[in-house]
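Numbered from 1 within each chain, the chains take letters A, B, ... in sequence-line order. Since the model is a prediction, treat every value here as computed from it, not as a measurement.
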2 protein chains.
Amino acid sequence: MEQIPEELKGLLGKPELQLGIGDLAHVTGVSQSQLRYWESKNYIQSIKTSESKNRKYSLKTIGEVHFIKNFLDEGFTLTAAVKKAEKRKEFINFMRKVIIDRFEALTEVDGHPAIDLGPLEGQSDQNIFAILIDQEIILRLLPAK
Amino acid sequence: MEQIPEELKGLLGKPELQLGIGDLAHVTGVSQSQLRYWESKNYIQSIKTSESKNRKYSLKTIGEVHFIKNFLDEGFTLTAAVKKAEKRKEFINFMRKVIIDRFEALTEVDGHPAIDLGPLEGQSDQNIFAILIDQEIILRLLPAK
DNA sequence: CGTGTAAGGAATTCTGACACG
DNA sequence: CGTGTAAGGAATTCTGACACG
């Protein structure tokens, strides 16, 4: 068994993970001029360090832009899309927290790679493991080691 | 209950998520000249599209660079660090698969946000839910809806 | 309102060479 | 081997203006 490196878990919440405007535009399919306009209206934020004049975007913002874009594509106005995306943000944060808090350790079960997801409620001696068997993920309850 | 948008899950495996060399250097703490050298030795790959001469790096490569960097910091030679990182890659892919395959739906349990992680092995009528209660994640076994 | 474009300057990245060791 | 730097050119991003609607 080995610990999941802090760096790996951290990647998902790391404020250091940031993209330039070209990369964000590419990932999300939102144009650079849209991104600049949205920022001018305070719908999204970019990071500007004192050393650089160029925009950087955090992983959090990548998610926000994604959601806004999706609502736009569904036919909402920009302001409506922003509002709807706001609510989705809570869920993104939640997902990230599950990953960061719950992917406790990499291990093996019967020779298969597995992630220890920690104890099941009310059974502190039994943990849930996600196990990779034949390219399928299976959830199994096993004694905590 | 709402489906976890494909885009959100896809973000983690998306080939479109790519960083420039400056951003990768910033996230990982590895210098640009190191990244170029590692690529010249085929330890890592970058994406070069026909339109651009500049390097782009995938999320997969971000993870690889992270691991190599960590082993370097622990005192391994570059070639040893590359070999050790190679093995870790399997685990990264596995973690990603768990997230993509198992974060089935966003829902609520007793008014708390929750993620349906799917059935527990051998109990196809009972699913494991990750529930956010007081900033803590709890795993609970509940009837699948 | 929301997005695109042309323009000129600023910041970033490119390659190949060379230094150090 | 593995990394850094100075150099000049190429690609990217910047802002403010203007167009369209």
Side-chain angles (χ1 to χ4, degrees), chain A residues 15-59 61-62 64-86, chain B residues 15-59 61-62 64-86:
Chain A
E16 288 82 17
L17 180 43
Q18 44 190 246
L19 274 69
I21 195 170
D23 295 325
L24 181 60
H26 181 248
V27 184
T28 58
V30 174
S31 74
Q32 296 193 15
S33 54
Q34 281 177 299
L35 291 171
R36 292 196 188 97
Y37 178 70
W38 296 2
E39 184 178 346
S40 78
K41 305 294 279 185
N42 273 104
Y43 297 152
I44 58 173
Q45 261 89 49
S46 73
I47 306 157
K48 292 219 190 180
T49 57
S50 47
E51 314 103 58
S52 166
K53 290 186 66 182
N54 289 14
R55 272 168 259 256
K56 297 294 174 187
Y57 300 92
S58 67
L59 192 60
T61 304
I62 300 175
E64 291 169 11
V65 171
H66 242 292
F67 283 131
I68 295 173
K69 161 71 169 168
N70 285 124
F71 290 124
L72 278 184
D73 288 349
E74 287 174 21
F76 291 96
T77 63
L78 180 57
T79 47
V82 168
K83 274 190 190 170
K84 288 181 75 73
E86 185 73 21
Chain B
E16 288 82 17
L17 180 43
Q18 44 190 245
L19 274 69
I21 194 170
D23 295 324
L24 181 60
H26 182 248
V27 184
T28 59
V30 173
S31 74
Q32 294 194 16
S33 53
Q34 281 177 299
L35 291 171
R36 292 195 189 97
Y37 178 69
W38 297 2
E39 184 178 347
S40 77
K41 305 293 280 184
N42 272 105
Y43 297 151
I44 59 171
Q45 261 90 50
S46 75
I47 306 156
K48 292 219 188 178
T49 56
S50 48
E51 313 103 58
S52 167
K53 289 186 66 182
N54 290 13
R55 272 168 261 255
K56 296 295 175 187
Y57 299 92
S58 68
L59 193 60
T61 303
I62 301 174
E64 290 168 12
V65 171
H66 241 292
F67 282 131
I68 295 173
K69 162 72 169 169
N70 285 123
F71 289 124
L72 278 184
D73 287 350
E74 288 175 19
F76 291 98
T77 62
L78 180 57
T79 47
V82 168
K83 273 189 190 171
K84 287 179 77 70
E86 185 72 23

- Out of D/dT3, D/dC14, C/dT3, which has the shortest distance to the side chain of B/W38? D/dT3
- Query: Quick one: is C/dT3 close enough that its OP1 or OP2 comes under 4.0 Å of any side-chain N or O from A/Y37?
  - Reply: no
- Note on the structure: Rounding to 0.5 Å, atoms NZ (B/K56) and CG (B/L19) come to a distance of 8.0 Å
- Using only side-chain N and O atoms of A/S33, determine if any of them is under 4.0 Å from OP1 or OP2 of C/dT3. no
- Task: Please tell me if the side chains of A/F71 and A/V82 come closer than 4.5 Å, counting only heavy atoms from C-beta onward.
- Result: no
- Whichever of B/L72 and B/K56 has its nearest DNA chain D nucleotide further upstream toward 5': B/L72
- Message: Nearest to the B/Q34 side chain among C/dA10, D/dT3, D/dT13, which nucleotide is it?
- Response: D/dT3
- Task: Ignoring the backbone of A/R55, work out which of D/dC14, D/dT12, C/dT15 is nearest its side chain.
- Result: D/dC14
- Message: In this structure, how many angstroms lie between the P atom of D/dT12 and the CD atom of A/Q32, rounded?
- Response: 10 Å
- Euclidean distance, atom CD of residue A/Q18 to atom P of C/dT12 [Å, nearest integer]: 12 Å
- With sugar-phosphate meaning primed atoms plus P, OP1 and OP2, does A/T77 contact a base, only sugar-phosphate, or nothing at under 4.0 Å between heavy atoms? nothing
- Query: Taking atom P of D/dT12 as reference, at what distance in whole Å does atom NZ of B/K48 sit?
  - Reply: 12 Å
- Task: Give, for atom CD1 of A/I44 and atom CD1 of A/I62, the distance between the pair rounded to the nearest 0.5 Å.
- Result: 11.0 Å
- Message: What I'd like to find out is whether the side chain of B/V65 reaches to under 4.5 Å of the side chain of B/Y57, using heavy atoms alone.
- Response: no
- If every non-hydrogen atom of B/S46 is compared with every non-hydrogen atom of B/E39, which pair is closest and at what distance? OG-OE2, 2.7 Å
- Taking a pair to mean Watson-Crick or G-U wobble geometry with both distances below 3.5 Å, D/dT5 pairs with C/dA17
- Query: Just how far, in rounded Å, is C1' of D/dG8 from NZ of B/K53?
  - Reply: 12 Å
- Item | Whole-Å distance separating the CD atom of B/E39 from the C1' atom of C/dC14 | 12 Å
- Separation of atom CD1 in A/I21 from atom C1' in C/dG4, rounded to whole Å: 13 Å
- Per atom distances to the B/R36 side chain, the nearest of D/dT13, C/dG2, C/dC14 is C/dC14
- CG of A/L19 versus C1' of C/dT13: gap in Å, rounded? 16 Å
- Item | Selection from C/dT3, C/dT12, D/dG2 that lies nearest to any side-chain heavy atom of A/N54 | C/dT12
- Query: Is there a Watson-Crick or G-U wobble partner for D/dT12 with both distances under 3.5 Å, and which nucleotide is it?
  - Reply: C/dA10
- Take atom OH of B/Y57 and atom P of C/dT12, then tell me their distance rounded to the nearest Å. 16 Å
- Task: Give the nucleotide from the list D/dT13, C/dT3, C/dC14 with an atom nearest to the side chain of A/S31.
- Result: C/dT3
